[in-house]
*Asks:* 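Once you've had a glance at the structure underneath, I'll fire off some questions.
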Amino acid sequence: MGSGLTRAILAAVLSFVFLAGVLIYWNARPPLIDLRIEIEADMAAPRAPALRWDGKPLAPAAISRRGLRVQAAFEVPRTPAQDVLVWLGEAVEDADFISLRVYGPLGLPDYRLDGTPLRRLFGIRHSSENRFQATGRWLAPDKVFYEALASLQRDSRFFDFLAVALAVLFFLLLRAIDWRFSGLHPRGRVIASGGLIFALLLGFPLVAMIMGTSHSLKLEEKRILAQAPEFRWTSPWNFLPHLSDAYDDNFPWRPLLITLHNRILLAGLGVSPNSQALVGKDGWLFSDGPGEFPGSTDYFRAMDPFSSRELEAWAAILEERRRWLDARGISYLFVVAPNANTIYPEFMPKRIHKIGFRSRLDQLLEYLKSHSRIGTVDLRPALRNAKSIEKVYFQTDTHWNDFGGYIAVREILTAVGRLIPGVQPLPLSRFHFAFAERKAGDLSLLVGLDQTGPWERVPVLAADPPLRFQKRWLTPRHLYTDCPGAPLSGLVLCGDSFYEKLVPYLAEVTERAHFIENGYFVFFNDIIDRERPRLVIDELTERKLMRPVPANPPQIRRR
């Protein structure tokens, strides 16, 4: 009797210590709630959204970028503010946004700028092209926003009740261990022991998450993970779905388990764990749809050729740009960066078969040649020839590598030399090959190979003597370079993420160059008018020819 009472007292003491630890951990956290603001721009995205909270700047706790989309997570004070301002652009003229989203764990359920609810929350005017412009550098929320923000206040009583419930369960678990299994039938002892082990395994992740333990392995998921919500007695039904999302994103050893799962699928079954990545032969990965890389495999198969109306629309868009530039004495080139599977079709899976003979790029280049005066450069023949020397694309990334970028620039500058005398590419003899191990490509991130490998050995071009151009970032998506005495007086290149590998080889032959990353094929006529370059290059990735035909700014459209 005495020993049983002693064990019960010991179990109660341990349960009390557990309860105290949980309460101390919960109440020691900063009195903050989570608020996420995401913007997507049609031009160089600002560094990040920002908040002014009761007149004081509030910096983001976390920032996530994806193309021209940037999301910032703010840990805002628990007490609602009397004055909140949301910062979007570097300046008023930069605030031209495709969408704005505000997320909160409870009170702000996925409001988008292109939907009716959020438009009522901010002073925003609607433009004629389904884009939105801020009325100023700062957006001032309306009363509805403050009401929604106030609804996120934390009610700590729920967490106190939860801590007590966990302590009671812990006490019962300790008492269960003290049960006299010896009096049970062997089958009963097996069932009881198995049930106890199952309960421990089931509850361990939750306890580990509460106590803050986890595995050191990290995954790059290109998103902000869901955070634990705050409970509100006024709408308790909203709590469990958000709690489930937070648990799914943060339970202990999740990155390790995801990595093991991905390796089993990739190495054991040859199957991609992510629908946006396609497993090819000999360690190659290719982009696939849906998501960030829509229609890549369909494009490769030539399933959806251009219609005559789409070809006419593309030609009209490009002709408007050429004509506007020609009136200002500026040369124009249109360049399409080929998909990796266009250059390396031999590494595509055997099950993927083409059903057409001509790609959209074949159609477009042929149409522009016969129906317009657009200067175009077909990079595919040169890249296919160069791959016999060294790889021109990454195996685990959608982009070309240093060597592929050099080959592309060599073809571009050869075409430029026919328009602007004296411009010629840097000779390959100026460079020598070095090799590096590359861990993180955009596709290897999608399938979880960035942490455990195998990692790719990639060629790197090193210049001898070193390149002399200087660079500085005007915005996170706008790079300026200068190289005094270079043969090309001025350049503006507007392109998507493929432009990065073109920069050093173009900057070295250009006195003043502006490189603007832009995933939506926007024409930056204001920058061009201000800089008056000698040459403008529009670069577009081949897979983006599957998107709808873009539109030009009203200032350059044909009257």
*Asks:* Is there a side-chain contact between Thr541 and Glu539 in this structure, where contact means two heavy atoms from C-beta onward sitting under 4.5 Å apart?
*Replies:*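 When only atoms from C-beta onward are counted, Glu539 and Thr541 do touch, with a gap below 4.5 Å.
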
*Asks:* Return yes when atom CZ of Arg358 has more than 12 non-hydrogen atoms of other residues, nucleotides or ligands closer than 6.0 Å, and no otherwise.
*Replies:*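 Atom CZ in Arg358 is packed in, count exceeds 12.
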
*Asks:* Look up atom SG in Cys483 and atom CG in Leu506, then write down how far apart they are to the nearest 0.5 Å.
*Replies:*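 Going from SG on Cys483 over to CG on Leu506, the span is 12.0 Å.
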
*Asks:* Roughly how far, to the nearest 0.5 Å, is the CH2 atom of Trp473 from the OH atom of Tyr480?
*Replies:* 14.5 Å

*Asks:* Between OH of Tyr332 and OG1 of Thr376, what distance do you get to the nearest 0.5 Å?
*Replies:* 10.5 Å

*Asks:* Mark yes when over 12 heavy atoms from residues, nucleotides or ligands other than Lys369 sit less than 6.0 Å from its NZ; otherwise mark no.
*Replies:*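 Open: at most 12 neighbouring heavy atoms sit under 6.0 Å from NZ of Lys369.
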
*Asks:* What pairs of donor and acceptor atoms, side-chain ones from residues 337-345 against any protein atom, are under 3.5 angstrom apart with sequence neighbours left out?
*Replies:*
{"residue": "Asn339", "atom": "OD1", "partner": "Arg543", "partner atom": "N", "Å": "3.0"}
{"residue": "Thr342", "atom": "OG1", "partner": "Glu542", "partner atom": "OE1", "Å": "2.9"}
{"residue": "Tyr344", "atom": "OH", "partner": "Val392", "partner atom": "N", "Å": "3.1"}

*Asks:* Within a strict 4.5 Å, meaning less than it, do heavy atoms of the Leu474 and His514 side chains meet?
*Replies:* yes

*Asks:* Atom CD of residue position Gln424 - does it have more than 12 heavy atoms of other residues, nucleotides or ligands inside 6.0 Å?
*Replies:*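 Incorrect, the count does not exceed 12.
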
*Asks:* Which pair of non-hydrogen atoms, one from Trp400 and one from Phe498, has the smallest distance, and what is that distance?
*Replies:* NE1-O, 3.1 Å

*Asks:* Side chains of Phe394 and Leu285: does their closest heavy-atom pair fall under 4.5 Å?
*Replies:* no

*Asks:* Ignoring hydrogens, what is the shortest heavy-atom contact between Ala302 and Ile355? Give both atom names and the distance.
*Replies:* O-CG1, 4.0 Å

*Asks:* Answer yes or no for Arg321 and Phe521: cation-pi contact, defined as NZ/CZ to six-membered ring centre under 6.0 Å and angle to ring axis within 45°.
*Replies:* yes

*Asks:* Should the heavy atoms of other residues, nucleotides or ligands under 6.0 Å from CZ of Phe357 be counted, would the total exceed 12?
*Replies:* no

*Asks:* Quick one: does Asn552's side chain have a donor or acceptor within less than 3.5 Å of a partner on Ile556's backbone?
*Replies:*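 Such a contact is absent between Asn552 side chain and Ile556 backbone.
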
*Asks:* Does the ring center of Phe431 lie less than 6.0 Å from the ring center of Tyr505?
*Replies:*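 Close enough - the centres of the two rings lie under 6.0 Å apart.
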
*Asks:* Can you name the nearest heavy-atom pair linking Thr510 to Ala486, along with the distance?
*Replies:*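 Of all heavy-atom pairs spanning Thr510 and Ala486, the closest is N-CB, 3.3 Å.
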
*Asks:* Would you indicate whether the side-chain heavy atoms of Pro533 and Arg512 approach each other to under 4.5 Å?
*Replies:*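 Sidechains of Pro533 and Arg512: no contact.
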
*Asks:* Can you tell if the side chain of Leu364 reaches within under 4.5 Å of the side chain of Phe334, non-hydrogen atoms only?
*Replies:* yes

*Asks:* Quick one: do Tyr393 and Leu383 satisfy side chain to side chain contact (heavy atoms under 4.5 Å, CB included)? Show the steps, please.
*Replies:* CA-CA 9 Å; Tyr393 279 70; Leu383 289 168; 4.0 Å; yes

*Asks:* Hey, what do you get for OG1 (Thr481) to CZ (Phe515), rounding to the nearest 0.5 Å?
*Replies:* 4.5 Å

*Asks:* Whether the side chain of Arg534 engages the backbone of Ile330 through a donor-acceptor N/O pair (distance < 3.5 Å, no angle test) should be reported.
*Replies:* no

*Asks:* Rounded to the nearest 0.5 Å, what separates atom CD1 in Ile527 from atom NE2 in His478?
*Replies:*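 Nearest 0.5 Å value for the CD1-NE2 distance: 5.0 Å.
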
*Asks:* State, to 0.1 Å, how close Ser497 and His399 come at their nearest heavy-atom pair, and which atoms those are.
*Replies:*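 For Ser497 versus His399, the nearest heavy atoms are OG-NE2, 2.6 Å.
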
*Asks:* Considering residues, nucleotides and ligands other than Glu310, do more than 12 of their heavy atoms fall under 6.0 Å from its CD?
*Replies:*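 Enclosed.
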
*Asks:* Given the side-chain rings of Phe403 and Phe433, with only the six-membered ring counted for Trp, is the space between their centroids under 6.0 Å?
*Replies:*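 Ring centroids of Phe403 and Phe433 are less than 6.0 Å from each other.
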
*Asks:* Is the shortest side-chain heavy-atom distance between Ile516 and Arg477 below 4.5 Å?
*Replies:*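 No, their side chains stay 4.5 Å or more apart.
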
*Asks:* Please determine whether a side-chain nitrogen of the Lys or Arg among Asp304 and Arg360 lies less than 4.0 Å from a carboxylate oxygen of the Asp or Glu.
*Replies:* yes

*Asks:* Evaluate the side-chain proximity of Trp314 to Phe306: yes if any heavy-atom separation is below 4.5 Å, no if none is.
*Replies:* yes

*Asks:* Which pair of non-hydrogen atoms, one from Gln395 and one from Glu456, has the smallest distance, and what is that distance?
*Replies:* N-OE2, 2.6 Å

*Asks:* Scan Leu535, Ile407, Leu379, Leu493 and name whichever one has a side chain to side chain contact (heavy atoms under 4.5 Å, CB included) with Ile412.
*Replies:* Leu379

*Asks:* Regarding Lys354 and the six-membered ring of Phe300, is the cationic atom NZ or CZ under 6.0 Å from the ring centre and inside 45° of its axis?
*Replies:*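 Positive - Lys354 is close enough to the ring of Phe300 and near enough to its axis.
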
*Asks:* How many angstroms lie between CZ in Arg323 and CG in Leu318, if you round to the nearest 0.5 Å?
*Replies:*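 Arg323 atom CZ to Leu318 atom CG measures 11.0 Å (nearest 0.5 Å).
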
*Asks:* With no hydrogens and no angle check, is any side-chain donor or acceptor of His353 less than 3.5 Å from a backbone partner on Lys350?
*Replies:* yes

*Asks:* Sort out for me which residue in Asp538, Ile528, Leu325 forms a side chain to side chain contact (heavy atoms under 4.5 Å, CB included) with Val492.
*Replies:*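 By the side chain to side chain contact (heavy atoms under 4.5 Å, CB included) criterion, Val492 pairs with just one of Asp538, Ile528, Leu325: Ile528.
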
*Asks:* For a salt bridge (charged side-chain N to carboxylate O under 4.0 Å, His left out) check, start with the C-alpha distance between Arg309 and Glu312, then their side-chain angles and the critical distance, and finish with the verdict.
*Replies:* CA-CA 5 Å; Arg309 180 172 297 180; Glu312 291 171 4; 6.0 Å; no

*Asks:* Check the pair Val536, Glu531 against side chain to side chain contact (heavy atoms under 4.5 Å, CB included), reporting the backbone distance first and the verdict last.
*Replies:* CA-CA 11 Å; Val536 168; Glu531 298 298 326; over 6 Å; no

*Asks:* Side chain to side chain contact (heavy atoms under 4.5 Å, CB included) for His371 and Leu311? Distances and angles first, verdict last.
*Replies:* CA-CA 10 Å; His371 293 82; Leu311 289 171; over 6 Å; no

*Asks:* Can you confirm if the aromatic rings of Trp324 and Phe523 lie within a centre distance of less than 6.0 Å?
*Replies:* yes

*Asks:* List the atom of Leu502, the atom of Ala408, and the distance in Å for their closest heavy-atom pair.
*Replies:*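 Between these two residues, the closest heavy atoms are CD2-CB, 3.9 Å.
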
*Asks:* Below 4.5 Å, heavy atoms only, C-beta onward: do Pro465 and Arg430 meet side chain to side chain?
*Replies:* yes

